[in-house]
K.L.:
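One structure, pasted below without further comment.
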Amino acid sequence: MAKRLHDEAANMAEGVDAERAAKKARKEKKAKLAANDIEDGAKKSKKSKSDDVETEGLSKEERKALKREQKEKAKNETTTDVDDDAAAKAERKALKKAEKAAKKAAKASQETESSENTSEAVTPQQTNGKTSEVSYQQSAELTALPQSEIDSFVAKHHLAVEDPQKQNFRPMISFKYLDVEESQRVPFANFTAPTPIQAACWPYLLSGRDVVGVAETGSGKTLGFGVPCVRYIASLGKKERAQIKACIVSPTRELALQIQEQLEKIAKPAGLKATCVYGGVNKDEQRATLKGTSIVIATPGRLNDFVQEGSIDLSNVDFMVLDEADRMLDKGFEQEVRRIISATKPTGRQTLMFTATWPPSVRNLADTFMDKPVKVMIGENASGELRANTRIVQEVEVMDGREKQDRLIQVLKQYQSGKNKSDRILVFCLYKKEATRIEEFIRRRGFSVAGIHGDLSQQKRQESLEAFKKGHVPLLVATDVAARGLDIPAVKLVINVTFPLTAEDYVHRIGRTGRAGQDGKAITFFTDQEKGLAGALINVLKGANQPVPEELMKFGTTVKKKGHDAYGAFYKDTTDMKAATKITFD
Ligand SMILES: Nc1ncnc2c1ncn2[C@@H]1O[C@H](COP(=O)(O)OP(=O)(O)OP(=O)(O)O)[C@@H](O)[C@H]1O
């Protein structure tokens with residue numbers, strides 16, 4: 001304890017010293033800049049005197065007085081500018097110094113405290129034994145904000161944090177509280193503030209904690225895990241950075257490529273290589289891209305192939321992300337994911353799971369891969385009820401299956417006419433053959449259309465997606481390979497020709513519109529073939545304040561919850577659950 005007090009006193013003294021030094025520097029800089037600018041100002045005043053003021057005919061005394069007056073004026077003008085500029089600069093410098101001192105002080109006190117087993121703040125080294133020098137210290141400026149400001153952010157965005165360690169970090173409500181290299185801020189240039197999920201997760205992720213992050217579709221989850229990932233690896237030594245330190249797993253190839261594209265924007269300037277590994281393309285070529293990579297983004301099958309043949313070594317991975325986590329833990333992927341995770345470090349690994357839908361059936365399984373995870377939920381569903389993005393207008397049309405095609409053409413004509421001719425529309429089908437048929441049908445009716453599904457070659461899939469993204473083809477017919485994660489900002493409308501197999505997939509499909517704070521629309525054809533899912537759909541509609549058609553209610557309101565072999569299933573009726581309020585996306 002005595003040591004702790006001594007250290008605290010020393011650290012405080014260090015803080016005071018830093019402030020003094022900053023003050024001195026501020027004074028000196030101000031004086032220097034002022035002097036320079038006075039000189040410039042005097043020169044300017046001389047010039048302006050000869051240019052603007054007529055001095056002929058004045059007495060010697062009058063000329064002297066004028067000269068004095070002008071010199072004084074010039075001095076005042078220039079010092080005001082310099083004062084502002086220099087003061088701002090010096091203030092920034094002092095703030096940085098004070099923050100540095102505070103950080104140092106906190107780190108020292110943390111070390112002392114942890115040796116006494118009373119630590120409150122946790123660093124990655126302490127939680128996970130990771131080798132990074134990075135630790136998270138809430139910025140002094142963020143700490144100084146009034147509690148009311150934090151409370152109103154939490155209330156406005158319906159932010160719920162469940163932390164067994166009760167670290168109580170404040171959400172990073174502005175980018176200025178994020179301590180990363182300037183080069184890692186590139187993607188923020190067009191954003192005003194971190195999204196709620198970013199604001200809430202970053203402090204925990206930067207401090208090395210395992211996190212489950214649940215937030216609506218299109219709410220910036222990729223950078224939510226991407227920024228801490230890159231910041232962590234960038235902090236490592238050269239030798240370590242040449243190993244695979246981070247592994248991000250995604251359910252589809254296109255999503256894996258998209259994540260790579262997003263991460264490269266921050267990884268490349270930090271000198272880090274992010275490589276994408278996915279099926280359907282030549283293995284040799286892909287293998288060749290792995291050299292020197294520190295971040296692997298992958299689909300599970302190809303990743304396991306490479307791990308098994310020894311081309312990829314995951315034993316150094318200490319940053320493991322499951323994007324679309326509920327899908328990755330679903331029966332289809334569970335075994336593959338188990339193999340991947342068991343090839344990473346058994347201890348000292350930071351595990352992250354991000355998704356927009358978090359069904360109870362996967363929650364227990366998720367916990368088995370994580371160590372005291374912090375659960376961050378954004379939206380008015382702290383319990384993790386299935387919720388759609390509330391900015392999407394959802395319309396459900398109950399019909400006979402034979403009416404679908406005609407109705408589809410009507411809708412397309414309505415939404416792709418006049419000034420909306422090139423609006424992008426995504427049409428979802430359930431089966432690959434159905435997607436092929438619908439694509440051909442639409443084309444025959446004169447629309448420009450592309451397709452994406454599992455029967456097409458990877459090259460064709462990528463071509464279709466690119467053409468749609470760039471707007472060369474305004475219509476894309478897809479199966480659920482395009483349901484999750486794909487970020488195509490200009491999708492105006494999603495049409496579900498056939499309802500998906502689960503209500504979660506429905507939420508993800510319609511989430512391809514209304515992204516990053518935009519509005520969106522979804523039209524869903526519903527037939528009695530899918531009546532088993534009516535209850536779940538009704539809940540999603542109600543939860544997002546959307547109208548529920550009478551004909552849909554007729555199918556009944558029983559909800560069959562998804563089950564998991566090991567973790568069970570249960571049934572529940574639709575509730576008159578509280579409708580969601582709109583989440584603001586600054
Ligand atoms: N702070 C921010 N402010 C504004 N836009 C942002 C911000 N962060 C990310 N975005 C943008 O929001 C869009 C959606 O982000 P992202 O694809 O990460 O969403 P997501 O939450 O992963 O969605 P999904 O659940 O569908 O996978 C992207 O275009 C991204 O560039």
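Atoms within each ligand, like the ligands themselves, are counted from 1 in listed order. In what follows, every heavy atom counts, from backbone to side chain, and hydrogens, waters and symmetry copies are set aside.
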K.L.:
At under 4.0 Å between heavy atoms, is it the side chain or the backbone of Thr195 that contacts ligand 1, or both, or neither?
P.N.:
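The answer is both, backbone and side chain.
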K.L.:
Between Gln546 (side chain) and Gln394 (backbone), is there a donor-acceptor pair under 3.5 Å?
P.N.:
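Looks like yes, one N/O pair under 3.5 Å.
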K.L.:
I need the atoms of ligand 1 closer than 4.0 Å to a non-hydrogen atom of Thr222, numbered in the order shown.
P.N.:
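Close to Thr222: 16 (P), 17 (O), 18 (O), 22 (O).
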K.L.:
Go through ligand 1 atom by atom and flag the ones less than 4.0 Å from a non-hydrogen atom of Pro194.
P.N.:
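Counting atoms of ligand 1 from 1, those under 4.0 Å from Pro194 are 1 (N).
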K.L.:
Go through ligand 1 atom by atom and flag the ones less than 4.0 Å from a non-hydrogen atom of Gly220.
P.N.:
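Counting from 1, the qualifying ligand atoms are 9 (C), 15 (O), 16 (P), 18 (O), 19 (O), 20 (P), 21 (O).
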K.L.:
Rounded to the nearest 0.5 Å, how far apart are CG of Asp519 and CD1 of Ile392?
P.N.:
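Taking CG in Asp519 and CD1 in Ile392, the distance rounds to 9.5 Å.
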K.L.:
Is the shortest side-chain N to carboxylate O distance from Asp480 to Arg509 below 4.0 Å?
P.N.:
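Between Arg509 and Asp480 there is a salt bridge, with a charged N closer than 4.0 Å to a carboxylate O.
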K.L.:
Check each atom of ligand 1 against the heavy atoms of Ala193 and keep those under 4.0 Å away; list them by number with element.
P.N.:
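Here the atoms of ligand 1 in question are 1 (N), 2 (C), 3 (N).
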K.L.:
Just say parallel, tilted or perpendicular for the rings of Tyr136 and Phe169, cut-offs at 30° and 60°.
P.N.:
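Taking Phe169 first and then Tyr136, their aromatic rings stand perpendicular (interplane angle over 60°).
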K.L.:
Run the contact test for Gly511 against ligand 1 with a 4.0 Å cut-off on heavy atoms, strictly below, and give the result.
P.N.:
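Checking ligand 1 against Gly511, which is what was asked, there is no heavy-atom contact under 4.0 Å.
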K.L.:
Of all the atoms in ligand 1, which lie at a distance below 4.0 Å from a heavy atom belonging to Lys221?
P.N.:
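What qualifies from ligand 1 is 18 (O), 19 (O), 20 (P), 21 (O), 22 (O), 23 (O), 24 (P), 25 (O).
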K.L.:
Show me which atoms of ligand 1 lie under 4.0 Å from any heavy atom of Ala516.
P.N.:
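Once the distances to Ala516 are compared, the set is 12 (O), 13 (C).
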K.L.:
Among Gln198, Arg509, Arg515, which residue places a heavy atom closest to atom 26 (O) of ligand 1?
P.N.:
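The nearest heavy atom belongs to Arg515.
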K.L.:
Is any side-chain N of the basic residue among Lys221 and Asp323 closer than 4.0 Å to the acidic one's carboxylate O?
P.N.:
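Not counted as a salt bridge, because no side-chain N and carboxylate O are separated by less than 4.0 Å.
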K.L.:
In terms of ring plane angle, is the pair Phe526 and Phe499 parallel, tilted or perpendicular, where the classes change at 30° and 60°?
P.N.:
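Ring orientation of Phe526 relative to Phe499: perpendicular.
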K.L.:
Would you mind finding which of Asp487, Thr355, Asn389 brings a heavy atom closest to atom 28 (C) of ligand 1?
P.N.:
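That would be Asp487.
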K.L.:
Using non-hydrogen atoms of the residue, decide whether Phe175 is closer than 4.0 angstrom to ligand 1.
P.N.:
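Per 4.0 Å heavy-atom rule, Phe175 contacts ligand 1.
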K.L.:
Report yes or no: does a heavy atom of His508 sit under 4.0 Å from some atom of ligand 1?
P.N.:
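No.
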K.L.:
Any atom of ligand 1 sitting under 4.0 Å from a heavy atom of Pro489?
P.N.:
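It does not; every heavy atom stays at 4.0 Å or beyond.
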K.L.:
Verify, without hydrogens or angle tests, whether Glu162 (side chain) and Lys375 (backbone) share a donor-acceptor contact under 3.5 angstrom.
P.N.:
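Not at all, since once roles are kept as given, no pair shorter than 3.5 Å links the two residues.
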K.L.:
For Arg339, is there an ion pair with Glu336 - N to carboxylate O distance below 4.0 angstrom?
P.N.:
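A salt bridge is present here (some side-chain N lies under 4.0 Å from a carboxylate O).
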K.L.:
Would Thr192 count as a polar contact of ligand 1, with the cut-off being nitrogen or oxygen pairs under 3.5 Å?
P.N.:
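N/O-N/O distance below 3.5 Å does not exist for this pair.
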K.L.:
Return the minimal non-hydrogen interatomic distance between Val473 and Phe468, and the atom names on each side.
P.N.:
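Where Val473 meets Phe468 most closely, the heavy atoms are O-CD1, 3.3 Å.
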K.L.:
Does even one non-hydrogen atom of Glu324 get within less than 4.0 Å of ligand 1?
P.N.:
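It does; at least one heavy atom falls under 4.0 Å.
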K.L.:
Is the backbone of Thr357 close enough, under 3.5 Å, to the side chain of Thr355 for a donor and an acceptor to pair up by distance?
P.N.:
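Side chain of Thr355 to backbone of Thr357: a pair is present.
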K.L.:
For Arg349, is there an ion pair with Asp318 - N to carboxylate O distance below 4.0 angstrom?
P.N.:
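No salt bridge links Asp318 with Arg349.
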K.L.:
Is any N or O atom of Ala356, backbone or side chain, closer than 3.5 Å to an N or O atom of ligand 1?
P.N.:
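No: no nitrogen or oxygen of Ala356 is under 3.5 Å from one in ligand 1.
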K.L.:
Using a 4.0 Å heavy-atom threshold (strictly under), name the region of Arg512 that reaches ligand 1: side chain, backbone, both or neither.
P.N.:
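Near ligand 1, Arg512 shows its side chain, while the N, CA, C and O stay back.
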K.L.:
Write down the atom of Phe153, the atom of Pro196, and the distance for their closest heavy-atom approach.
P.N.:
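Closest approach of Phe153 to Pro196, heavy atoms only: CZ-CA, 4.1 Å.
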K.L.:
Which atoms of ligand 1 have any heavy atom of Ser219 under 4.0 Å away?
P.N.:
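Once the distances to Ser219 are compared, the set is 19 (O), 20 (P), 21 (O).
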K.L.:
Is Ala215 near ligand 1, meaning one of its heavy atoms is under 4.0 Å from it?
P.N.:
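No heavy atom of Ala215 comes that close to ligand 1.
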